[in-house]
Amino acid sequence: MVRVFVGPNSYALREAVKSARDKFMEKYGDLALEVIDGEESSYEHILMAIESVPFLAPKKMLIIYGLGNIKEAVENLDALIEAASENDELIIVEPKPDKRSSYFKNLKKNTQLTEFKDPDEGELAHWLVEHAKNRGAELSSADAAYLVQRIGGSQQRAANELNKLIDYGAVISRETIDYMTEASPQTSVFNLLDAAFGGNAGKAIKIYEEQRTQGEEPIKIMAMLIWQMHLVALVDSAGGRTDQEIMAASGLKPFTLNKSKSIARKMGRQRIKAALSRLVELDRQLKSTSIDADDALKDLLISIS
C-alpha cells in the first residue's frame, strides 16, 4: 500500500505520520521500519529499500521524506510504485509539492493521497477546545477564538502555545493567554490597523510600543503595515468574488482574509487609498531622510485614527 501525505499543515501532517508509524511499530516492532530523507538518499537506495525483504517481521514500513528531491526517483516514479509490495506500507511525505507537476499528478492518480490543509479560524478554535479537553484542561470557545486571533492561524504554533498554557494551569482564561503568549507580529499589525482605522489612536500607539518592546524595528513594522494594507486593498477590490475565489487567486489564508475584510469594511475605499499614499510617502522618507522613525510612525497612526 502506497500512501502520500501532502499539505502545508505541518502539525497535522506530522501527527498523521506518527500515528501510522506508532500503529505499525506496536504490531511489528521497529526492526521492519525504515525512514529515508530524500535530500540525503538516491534512487538506487530507495528502490533497494522498497524491494527488500522485511527483517524478522511479516511486513515492513518505509517512510520517505521529500522523494521529489531526487530527479531519478521522479522520472521513475511508476517503477517505484510498482515495486512496492501490497503487503508492505510505503508512506511518501511531501509537505509542499508543486501541484502543477506531473510528479504530483502521478502521485494523486496512483496512490492513496491525503492533503493536510491549514484549518480556518473557526476550525482551529474548535480543535483547541477539544484538544484542551482531551488533556484534562478547560478552554472556552470564546477564549479559544481569542487565542487564535492573538497568535495566528498556524496549528503547530497553536498546539505549542496550548501545551504551555495547560502546563501553567488547567483552567485557561483570557488573562493567562495574555500573560503566557505573545501576539504574532502579523496579528499585532492587523490589530494596530484595526484600532487606528476604528478611531482608537491610544490602542494603536500601545500596540506599536509593544512591538518595539519585543524588538521589532520601525522599518520592519513599516514594511508589515504596507504589506497588510496591500492585502486590505486587494480584498476591497475583489468585488463580488467569494472567499474561496479570493483565496484561490491570491493565496491568502482564511485567517488573513477575514482580518483584511474586517479592516476594509471599517475603512472604505477612499480611506484605503489615502492610507496607502501616506504609507508609501512615509516609507520613502524613512529610507531617504534622517527623520525619527518612531515619532513619524506614531504621528501616522494618530493622523489616520
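Residue numbers count from 1 along this sequence. The figures that follow rest on heavy atoms only: side chains count, while hydrogens, waters and symmetry mates do not.
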Would you say that more than 12 heavy atoms from the other residues, nucleotides or ligands in this model lie under 6.0 Å from the CD of E138, or not?
no
Decide whether Y65 and I46 are clustered together by the hydrophobic rule: side chain heavy atoms of Ile, Leu, Val, Met, Phe, Trp, Tyr closer than 4.5 Å, transitively.
no
Could you pull out the closest heavy-atom pair between A296 and I291, with the gap in Å?
CB-CD1, 3.9 Å
Distance-minimising heavy-atom pair for G169 and I172
O-CG1, 4.0 Å
Specify the closest pair of heavy atoms between V232 and S260, including all atoms of both residues, with the distance to one decimal.
CG2-O, 4.1 Å
For the backbone of L300 and the side chain of R278, can you confirm whether one donor and one acceptor N or O come within less than 3.5 Å of each other?
no
Does atom CZ of R241 have more than 12 heavy-atom neighbours from other groups under 6.0 Å away?
no
Heavy atoms of other groups near Q214 CD, more than 12 under 6.0 Å
yes
Between S173 and E175, does any side-chain donor sit less than 3.5 Å from a side-chain acceptor?
yes
Decide yes or no on side-chain contact (heavy atoms from CB on, under 4.5 Å) for L90 and L80, but give the supporting numbers first.
CA-CA 10 Å; L90 170 60; L80 291 177; 5.9 Å; no
L282 and D299, any side-chain heavy atoms less than 4.5 Å apart:
no
Out of curiosity, L193 CG to K259 NZ, how far, rounded to the nearest 0.5 Å?
11.0 Å
In Å, rounded to the nearest 0.5 Å, how long is the span from CD1 of I226 to CG of D283?
3.5 Å
Taking it one step at a time, do L165 and L147 satisfy side-chain contact (heavy atoms from CB on, under 4.5 Å)?
CA-CA 11 Å; L165 287 163; L147 177 59; 4.0 Å; yes
Working to the nearest 0.5 angstrom, can you tell me the gap between R157 CZ and L124 CG?
11.5 Å
Stepwise side-chain contact (heavy atoms from CB on, under 4.5 Å) check, E44 with E72:
CA-CA 9 Å; E44 291 77 13; E72 193 175 357; 3.4 Å; yes
pair K99-E115: side-chain heavy atoms closer than 4.5 Å:
yes
Quick one: does any side-chain atom of S250 pair with a main-chain N or O of I246 as donor and acceptor, under 3.5 Å?
yes
Any side-chain donor paired with an acceptor under 3.5 Å for E161 and T181?
no
Between R212 and E217, is any pair of side-chain heavy atoms under 4.5 Å apart?
yes
Short side-chain to backbone donor-acceptor contact, N163 and A159, under 3.5 Å
yes
Heavy-atom donor-acceptor pair, N87 side chain to P58 backbone, under 3.5 Å:
yes
More than 12 heavy atoms of other residues, nucleotides or ligands under 6.0 Å from NE2 of H126: is that the case?
no
Are side-chain heavy atoms of M25 and L33 found at a separation under 4.5 Å?
yes
Considering residues at least two apart in sequence or located in another chain, which fulfil the ring pair (Phe, Tyr, Trp, His ring centres under 6.0 Å) criterion with Y43?
none
Answer yes when D88 and K59 have at least one side-chain N-carboxylate O distance shorter than 4.0 Å, and no when they do not.
no
Would you call the rings of W127 and H131 parallel, tilted or perpendicular if under 30° counts as parallel and over 60° as perpendicular?
parallel
With heavy-atom distances below 4.5 Å as the criterion, would you say the side chains of D98 and Y103 are in contact?
no
Short question: side chain of N134, backbone of E130 - any donor-acceptor pair under 3.5 Å?
yes
Check A293 against Y208 and note the closest heavy-atom contact, atom names and distance.
O-OH, 4.3 Å
Hey, what do you get for CG (L276) to NE2 (H230), rounding to the nearest 0.5 Å?
9.5 Å
So, are K23 and E26 salt-bridged, with charged N and O less than 4.0 Å apart?
no
Can you hop from L286 to L279 via hydrophobic side chains spaced under 4.5 Å?
yes
How far apart are the C-alpha atoms of Q155 and D118, what are their side-chain angles, what is the distance that settles it, and do they pass the side-chain contact (heavy atoms from CB on, under 4.5 Å) test?
CA-CA 7 Å; Q155 189 169 9; D118 288 324; 5.9 Å; no
With a 4.5 Å cut-off on side-chain heavy atoms, are K108 and V4 touching?
no
Is a side-chain donor or acceptor of N76 paired with a backbone partner of A79 at a separation under 3.5 angstrom?
no
For E34, is there an ion pair with K60 - N to carboxylate O distance below 4.0 angstrom?
no
Does anything in residues 218-233 pair up under salt bridge (Lys or Arg N to Asp or Glu O under 4.0 Å), and if so which pairs, sequence neighbours excluded?
E216-K220
Linking I/L/V/M/F/W/Y whenever their side-chain heavy atoms sit closer than 4.5 Å, directly or via other members, would V148 and M247 fall into one cluster?
no
Would you say V189 and V235 are hydrophobically clustered, going by side-chain heavy atoms of ILVMFWY under 4.5 Å?
no
Minimum heavy-atom distance A49-L62, with the two atoms named
CB-CD2, 3.9 Å
Can you find a pair of side-chain heavy atoms, one from L192 and one from Q211, that are under 4.5 Å apart?
no
Counting distance only, does the side-chain N/O of S41 pair as donor-acceptor with the main-chain N or O of D37 below 3.5 Å?
no
Paired with P97, the side chain to side chain contact (heavy atoms under 4.5 Å, CB included) test is passed by just one of L113, V6, L67, I92, namely V6
Determine, for E281 against R284, whether the closest basic-nitrogen to carboxylate-oxygen distance falls under 4.0 angstrom.
yes
Report yes or no: do M222 and I207 belong to one cluster of Ile/Leu/Val/Met/Phe/Trp/Tyr joined by side chain heavy-atom distances under 4.5 Å?
yes
What distance separates L225 CG from L301 CG, expressed to the nearest 0.5 Å?
6.5 Å
Can you tell me how far the OG atom of S188 sits from the CG atom of D194, to the nearest 0.5 Å?
12.5 Å
Determine the minimum heavy-atom distance between S237 and R269, stating which atoms define it.
CA-NH2, 3.7 Å
For M48, I'd like to know if atom CE has over 12 heavy atoms of other residues, nucleotides or ligands within 6.0 Å.
no
May I ask you to decide if K273's main-chain N or O and S277's side chain share a donor-acceptor pair within less than 3.5 Å?
yes
